[in-house]
K.L.:
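My questions will all concern the structure given below.
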Protein chains: 2
Amino acid sequence: MRLSSMADYAVVAMVAAARQCPTVGADGDARARANAGQLALETGLPAPTVQKLVSRLVAAGLLTSARGAGGGLALARDAHDISLADIVEAVEGPIALTPCVEGISHDCAPGLGCSVRPHWPVVNEALRLALSGVPLTRLMTPHDDVDMVQ
Amino acid sequence: MRLSSMADYAVVAMVAAARQCPTVGADGDARARANAGQLALETGLPAPTVQKLVSRLVAAGLLTSARGAGGGLALARDAHDISLADIVEAVEGPIALTPCVEGISHDCAPGLGCSVRPHWPVVNEALRLALSGVPLTRLMTPHDDVDMVQ
DNA sequence: TAAAATAAGACCGAATCAATCCGATTTAAA
DNA sequence: TTTAAATCGGATTGATTCGGTCTTATTTTA
């Protein structure tokens, strides 16, 4: 039920990246690029861990990377269009509480014919919806009372 | 993000227990008690694993146990009043995606002042609500189309 | 009184996960 | 042309948790 540490760190790293690169240039060439070392310094996470995280985030299309000297990272799209679900899925894969997904048998209860399996997608979708409702912009604020009213 | 195997098995075991003891006697003394061995046989799970599961379920107040010869297990309350959230909490403890709960520092991002921490309770509550909405009675049905309309 | 059946707790092996390190590739600047 | 800087990918090590098995204690019936 717990989020993996990698996914937890990824959220923190994305928040830091969004702070360092608040606005991406409209021409696609972000001016204020942040490198992995700066993100590690700001978040307090180990540098190798941040490097591995940004690799997955880039592969998932949440960050854009520019190699070489002067390179760095930038948000692929606006911070308001990146949600917790995107970050979690980028690091952990599809959001599912159980391995009882379509295509895999996983006969956990042969006698019951796995009667609980048809009900997991409902829970998974509800969870995904909850994560999708939290954009990155809301996480950037140090403390707000918006959550209380929701 | 994945549920632990123990919690997954606990759901299956509770479904099997609800099937073997559909109605609990109003006098509190259930007539049709199921023992751990029968549950293991019906679910296909290892018997020692089922024993460990029922121990936690009894401790959590979801099952009642009667020791000695002729003893066994019975649902503590009606199957309609037992939800997925109850079972998961009985096995895994409080439902929380991150260890960022009140009382524990866990300074994942000292530089940011853990700006993401105030937002986790919102997600946790949404997840708990989704699990609470699935009663045990719905899981007992082999296959129904109720989930589709919801 | 004795035997049988049960739950409850303790122990151990194994697997997954997190973290780290190293080398390869690419680009800009001197 | 050369040097420096920064990302990308894989492989390795260590530890924590998880899953499974076993033994012990308690209770009821014959």
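Naming: A, B, ... by sequence-line order, numbering from 1 per chain.
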K.L.:
Return the value, rounded to whole Å, for the distance between atom CZ of B:Arg56 and atom C1' of D:dC18.
P.N.:
9 Å
K.L.:
Compare the minimum distances between each of D:dT7, C:dT20, C:dT27 and the side chain of A:Pro48, then state the nucleotide with the smallest one.
P.N.:
C:dT20
K.L.:
What I'd like to find out is whether the side chain of A:Leu73 reaches to under 4.5 Å of the side chain of A:Val58, using heavy atoms alone.
P.N.:
yes
K.L.:
Please name the residue in the list B:Leu62, B:Asp86, B:Thr64 that meets the side chain to side chain contact (heavy atoms under 4.5 Å, CB included) test with B:Leu57.
P.N.:
B:Leu62
K.L.:
With the threshold set at 4.0 Å, does a side-chain nitrogen-carboxylate oxygen contact exist between B:Glu92 and A:Arg2?
P.N.:
no
K.L.:
Of all the choices, C:dT20, C:dT27, C:dA7, which nucleotide is nearest to the side chain of B:Leu73 once you look at every atom?
P.N.:
C:dA7
K.L.:
Can you find a pair of side-chain heavy atoms, one from A:Leu127 and one from B:Met1, that are under 4.5 Å apart?
P.N.:
yes
K.L.:
Which part of the nucleic acid, if any, lies within contact of A:Pro46, taking any heavy atom under 4.0 Å across all strands shown: a base, the sugar-phosphate backbone alone, or nothing?
P.N.:
sugar-phosphate
K.L.:
Which listed nucleotide (D:dT7, C:dA8, C:dA18) is nearest to the side chain of A:Ser4?
P.N.:
C:dA18
K.L.:
Which nucleotide, C:dA19, C:dA8, D:dC8, lies nearest any side-chain atom of A:Val54?
P.N.:
D:dC8
K.L.:
Mind calculating the distance between CD (A:Gln51) and P (D:dG10) to the nearest angstrom?
P.N.:
15 Å
K.L.:
Tell me: CE of A:Met6 to P of C:dT16, nearest whole Å?
P.N.:
17 Å
K.L.:
Of the nucleotides C:dT6, D:dC8, C:dA8, which one has an atom closest to the side chain of B:Asn35?
P.N.:
C:dT6
K.L.:
Select one nucleotide: of C:dA7, C:dA19, C:dT25, the one nearest the side-chain heavy atoms of A:Lys52.
P.N.:
C:dA19
K.L.:
Can you tell me how far C1' of C:dA18 sits from CG of A:Leu3, to the nearest Å?
P.N.:
14 Å
K.L.:
Take A:Gly68 and A:Ser5, find for each the nucleotide of DNA chain C with the closest heavy atom, and name the residue whose nucleotide sits nearer the 5' end.
P.N.:
A:Ser5
K.L.:
To the nearest 0.5 Å, what is the distance between CG on A:Leu136 and CG on A:Asp78?
P.N.:
9.5 Å
K.L.:
So, is A:Thr49 near the phosphate of C:dT20, with a side-chain N or O under 4.0 Å from OP1 or OP2?
P.N.:
yes
K.L.:
Separation of B:Gln38 atom CD from C:dT6 atom C1', in whole Å?
P.N.:
12 Å
K.L.:
Any idea which of C:dA28, D:dG9, C:dT25 is nearest the A:Arg67 side chain?
P.N.:
C:dT25
K.L.:
Once you round it to whole Å, what is the distance between P of D:dT7 and CG of A:Leu57?
P.N.:
13 Å
K.L.:
Is the phosphate of C:dA19 approached by A:Tyr9 (side-chain N or O, under 4.0 Å from OP1 or OP2)?
P.N.:
yes
K.L.:
Atom CG of A:Leu45 to atom P of C:dT20: distance rounded to whole Å?
P.N.:
10 Å
